[in-house]
Structures are given as structure tokens and as C-alpha cells.
Protein chains: 2
Amino acid sequence: MKKKVKITSIEVANLAGVSQSTVSRAFTTESPVAKKTREKVISIAKRIGYQPNAMARSLITRKSNMVGIVISNVTSNPFYPEVLDLLSRKFQENGQKVMLFVVHRDQSLDDILPQLLEYQVDGILITAVTLSSAMAFECERWGTPVTLFNRYVPGSNASWFCCDNIAGGRTVGQLFIDSELKRPAYIAGSENTSTSIDREKGFMEIMNENGIKTLREVGNYNYNDAYAAAIQLVDRPNPVDSIFCSNDIMAFGALDAIRSGMDLKVPEDVSIIGFDDIPMASWPSFNLTTVRQPVRRMVDASVEDLISRIKTPEKPPNQKVIMGEMIVRGSSRIPSEVSMS
Amino acid sequence: MKKKVKITSIEVANLAGVSQSTVSRAFTTESPVAKKTREKVISIAKRIGYQPNAMARSLITRKSNMVGIVISNVTSNPFYPEVLDLLSRKFQENGQKVMLFVVHRDQSLDDILPQLLEYQVDGILITAVTLSSAMAFECERWGTPVTLFNRYVPGSNASWFCCDNIAGGRTVGQLFIDSELKRPAYIAGSENTSTSIDREKGFMEIMNENGIKTLREVGNYNYNDAYAAAIQLVDRPNPVDSIFCSNDIMAFGALDAIRSGMDLKVPEDVSIIGFDDIPMASWPSFNLTTVRQPVRRMVDASVEDLISRIKTPEKPPNQKVIMGEMIVRGSSRIPSEVSMS
DNA sequence: TTTACCATTGCATAGGTATGCAGAATTATT
DNA sequence: AATAATTCTGCATACCTATGCAATGGTAAA
């Protein structure tokens, strides 16, 4: 339909009566060009619809101004769309384009990272996905900085920023104990994720310290599995009186299971606490007590880290744990005055 | 920390004792290379960690194998993360990388499209964002095909694929009428979106045909505004008995407003119907009657259209409307036998 | 054995921009 | 007005890979 002729800087140069170099310089802010010349070039460029070719530029500057974002669980947990939104916005503000990969369970990072490296991304941000140390090494060899969001890799020199999941788990446990709940349970997310493992660890620590036996089910970070798990925990001889779910979505599943499925009351019969504090948690239907992840700060820290390591490759990686905040709403019993020491 | 030396095809060539051309050909499936040579090259490449530079390749082939996805509402409506997930997966399956832009209300497409064109994307897919005809023209001039998902631009020659929003609105209206509801209302999304306008149009058509007066509020496609709007509609002398919300998230807001806010019953006092059928709609807490958008088919159609127009630029654009499906659940009164003709 | 033919390979160049260096044009200095 | 100091500009080249064309080698046909 249309002439597929790409307009190059040379044509602009010819029309403006200058050299190609000058056109190039006109489009680079710091380059030395007479103000008048630049204006002429820019105006002609606009008229004929010229735009610099980022590929050619990247080839020579060795900077693509692209970062790779690898993410998963975008549909199963509303927390991650929010993360993606914030990440993407922040990268844009810093002049970085985003190459996105949404990973599914049937895919491995090992197939995705090479594609990112092939496109010369300046850095890679990985969230909700576990990075193998082999791949971490591959990126290191390639000289591309990697930052993990809410995951970590022990051996590597990737940066990472996590919510303090262990502390979060402890806080929840402590709240249950202060509320004199005696039969707690934990519904795990996906078994091999550090987030679920750490939240469980903190929670169980507190329970062990207080000599309280704790049940455990697996909800795979999704609503339906958590719904079923909650039924298991309650529909038994010695039902639990409190459930800590490793994320909010599962907490909703548990809530619905307890209320609609079992026809019990929350928090009178069962206290339920989640993790994330996604926007829905504050909706009247759920009114969920939960641990708020400091998304903004985690995003800011991650992006700033990655960008600074792109600018200064010799910088060492950063690793930081950021505290969450307990948000008490109506789905959990409140500690009575008496029981508070 | 690391030597930032990029490994090029020339080094592989030297080590393998072949020319750079041969290395290049070894990495291109259809190129004529002796099987043995290719194996040697590949193995050496793997050993020293060589990967072709996609930028350089794109420069010469004039194909970036990247498409741009422009999206918004990623956090406010769970429908769009799902769309993004499916789109991204489908593009990946077709060997296209995705450059992502998440647009916010304070941003204009006019700033974003040039960035995509600068990076030589082979095509652009826009969803949840309105494209100005000026920008449509700009892409056309550049020779880059554009496909719209759930939006359309009257004048342009962009492709678009929409759910049949008018028909969806009519179906909802008809259901209310069959259920003998007499005081219906519509809660609009964002005023200037074609989706909200069309759903309203279909709904109002039916109401007008039946001579039923219909109230109207605006919910801006978000939970809180719809919550407030629903209160308005019910907390008044002559309260409504049925509400059609332009998407599911607003329907949840309306539900919570009616039940928690006003302490009324759904569907006994008020019937509520949404649009989208996001996964949450089937949760027991909501159990929402809604119009399911045929996401899969819309995604498949959009991606296939864009890819085919990338391969064959002279192909004319496609425009198609795809029917949704009414999913009846518990939030709406069911037509009695008697009232069915 | 000679000729024809096919499968591989290398050479040379193109794709569009950025940048060091040197020359040209302009301004400041005396 | 002449010279020195700046500011601009153009030339030539590099970035890395893909590909048309010609040359090479080898094999099959005669």
C-alpha cells in the first residue's frame, strides 16, 4: 500500500544542505551544533517525517536503552500487574524502553534470557520468577546487570530487593497469638518460591516458640486451590481457628470457602490474614487483614539499582530487605485488651 | 567488574577457521552451509558465549522482529492483564519480541508512538487506549501496521477487533426486561471510551424500544466511583431495581454498595450485571451475571491480523466485531416462566 | 580422463548512525 | 586590521551482520 522507503539522515542532510554528521549532531542534545543549524535540520526532519533509527544508533553507541522485564503470575495475582505498571512507568521516566516477557509455567528462563541478550538490553529485571545460578552466570559473563524483585539467588552477584517476608510471617503469627487463637494454619503459595518459604518460616518460628501446633496446606498462590485447602482445614474433627495465607488472592479463596462454602463466620469462627495488600483487600466484601508489601519502595529501589549499575558497570550489586506493614481490617480477630501484656 | 568486550561473529570465524559469512549462515536455518561446518561453528559459539547481535541483524534485514504493545488500565481492570498475558504469549509463539508501553492518563499516545517507530517495530498493537487519527496517519506514512484491540478509529486504515459491545448492551437490557425489572440504570465507564458508549447505546436502545425510563451514572471504570454511583441510584425516593455496569470491576463496586453500604439484597432488591467476565466474577462472593468477552478469539484475531500484515504489507486492514456471551449467575433476577413468551 | 554441475565458501559491500580529527568559519582580543 | 581563540562543520571510519556474486572444491556423468 505505502512506499516502504525509510527516510535516513542523509536525505535530511541533503535537503538542509549540511552533512550527515550535522544531522546526527542536531538530534543529540550535547553535541556542538549552531543553534540555527539545529533548528533548520529539525524542522526539515519533521516535515519529511524523519526519525533517527534506534537500531543503528544502538549498534554504534553500544547502548540499546532497553531493559528486559521478565514477569509471571500476571493474571493469577493482581499484585504483579501493579508491579509491572510501576516498573514500566519508572523505566520510562528514566528513558529506558521495556522489552517484556511474560513467563508461563511451561517456560524456562533459560530460553528467554538469551533472547534478551540478543537484543542487547542494557539490564534485566526479573520478578515472580526464579533465576537459576547458571543463567545468572551467563548474564554476568555477558556483562548485563540483573536485578531481582521479590526473589533472590544465593550464589550470584545479582541485585535483589525483597519484602521482609520472614518478618511479615512473624508479625502475622504474633497477631494470632495475641488474639489467643490456638489452632492456626498456613496455606502456602507455590512450594518452591522463596516468598512462600520465607513467610512460612517466620510464621512457624513464632508458633514453635510458643509451642503451638500448626497445620499446613498448599494453595499454589491461586484462589481455587486455597478455597479447597481452607475447606480441608475447617471441615475436620479439630478445625482450625485461624489461617495465614501466603498472599491475598488465596486469602479471598479461604474467606469464600469459610463463609460461602462452610457457612461459618469470619472472624468469629476463623480469622484470616493475607499478604500483599492488593487494592481489593480493602473492598467491603473482603475487608482483609493483611501485610502490605511496600511496592513503591521496592520498585524504586529496584529500578534505581538497575539503572545505576547500567551507568556504572563496576558498581557492586545491592541486596536489600524492605519491611512490610501490618494492615488490620475485619477478617481477623482483634487482640483483647486483657491479653495484651 | 567484567570485561565489557562483546564477542562478535568474526571471533567465532577465526576460531573456527571460516569466514564471518559462514558464521552468519550457520546461524540462519535456511542458509547453505555444510552440516559439519555448522556444527563446528555452533559449538565454538556456545563455548565462547557468542550470540548474534539482533540490532545489527535488524539493521540489515529491515525487520526488528519486535512489536509494540500499548496498553493502559492494567491495574484498574483485571481484564487487561489477561489480555496482555495472552497477547504477549501469542506474539512470543510467533517469534515476535514485545516492546511494552503502559500508558497513564497524563500521557499521550503522541509521545509514545514515535518511540516505537524509532525502534523500528514491525507492528503496533494498541489496547485500552484511543488512537488519534493524526497518529494513525503517522504510522501509515511510516509503513507500520497498527491493530486496535477493543477500540476503533473511524477514519483510519488501522485494523481493529472489538467485542460486539452494542449487542452486549442489548442482551443485558433484554434480560432485565424479561425479568420484569422496571427501574433500570446504567453505570458508565469512562465517558469518552467507545466501549462504554457502545454498551450504553445497545442497552438504551432496548429500553427506549420498551418505553422504559433509565437512569445513568458514571463510574469511570473503577470500583470506588461505581460504589458511589450505585449508592446514588438506590438511596433516593424512587430507587432503581437493576443496574448494568459497563465492566465487572464496577459491578463489584455496585454489589458491595448495595449489600454492605445499603444493606439490601442482590438480586432480590437490585439486579446487577457486569461486562467482561473476569475470573473473579465467578467467585462466590460476587457470583456475578455478566457478558463474557471472547478474549481468546479477540487476541487470536488481533495477533494474526498484525502478523499477516507485517509479512504482507500490501494486505488491507481488517475490522471485525466478535459476539460476547451472556453468563447468567446469581447477581441478577431470573426471568420467570410466565414472563417468557 | 574430461566436462558439467552442484554444494560450499569467501569477498566485498550495505544497512543508518555516531564520533575523532582536522579544516573552515566565526568571534574575541590586542 | 591582524592574530588568537572558539565554535561549527565535514570527512572518514566503525559498529556487526546478512547477502549477491564469484570462486572453490568435489562429485557425477559421459
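Every chain is numbered from 1 and lettered A, B, ... according to where its sequence line falls, protein lines coming before strand lines.
In this structure, A:K97 contributes its side chain and A:G95 its backbone to a donor-acceptor pair below 3.5 Å. Checked by atom type and distance alone, the side chain of A:S190 never pairs as donor or acceptor with a backbone atom of A:N192 at under 3.5 Å.
For the residue pair A:E304 / A:N94, no side-chain donor-acceptor distance below 3.5 Å is found, with atom types taken as modelled. Side-chain contact, B:Q92 with A:Q107: a donor N or O sits under 3.5 Å from an acceptor N or O.
Within the 4.0 Å cut-off from OP1 or OP2 of C:dG16, not a single side-chain nitrogen or oxygen of B:Y119 is found. Residue B:S19 places no side-chain N or O under 4.0 Å from the OP1 or OP2 atom of C:dT9.
Side-chain proximity of A:T61 to C:dT9, C:dT19, C:dT17: nearest is C:dT19.
Annotation for B:M55 and A:Y119: closest pair CE-O, 3.4 Å, computed over non-hydrogen atoms. When all heavy atoms of B:S58 and B:S64 are compared, the pair lying nearest together is OG-CA, 3.5 Å.
Using a cutoff of 4.0 Å between basic side-chain nitrogens and carboxylate oxygens, A:K36 and A:E39 are not scored as salt-bridged.
To the nearest angstrom, P of C:dG16 lies 10 Å from OH of A:Y50. The interatomic distance linking B:L59 (CG) with C:dT17 (P) rounds to 9 Å, in whole Å.
Relative ring orientation between A:F79 and A:F149 is described as tilted, the plane-to-plane angle lying within the 30° to 60° band.
A distance of 8.5 Å separates OG1 in B:T127 from CG in B:N73, rounded to the nearest 0.5 Å. For the atom pair CD1 of A:I322 and CZ of A:F161, the computed distance is 7.0 Å after rounding to the nearest 0.5 Å.
If you check residues 25-35 of chain B against DNA chain C, the residues with a heavy atom closer than 4.0 Å are B:R25, B:P32, B:V33, B:A34, listed by number.
For the helix from C:dT1-D:dA30 to C:dT30-D:dA1, the axis fitted to the five pairs at one end and the axis fitted to the five pairs at the other end meet at an angle of 30° (nearest 10 degrees).
B:S24 comes within 4.0 angstrom of a base, heavy atoms only. Across all strands shown, A:S21 has heavy atoms under 4.0 Å from base atoms, whether or not it also approaches the sugar-phosphate. Using a 4.0 Å heavy-atom distance criterion, B:V18 is classed as a sugar-phosphate-only contact.
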Report task. Given salt bridge (charged side-chain N to carboxylate O under 4.0 Å, His left out), test A:R309 with A:D305 step by step and report yes or no. Result -> CA-CA 6 Å; A:R309 290 197 298 143; A:D305 166 77; 3.3 Å; yes
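Protein chain B touches strand DNA chain D; the 5'-most and 3'-most nucleotides with an atom under 4.0 angstrom of its non-hydrogen atoms are D:dC16 to D:dG20.
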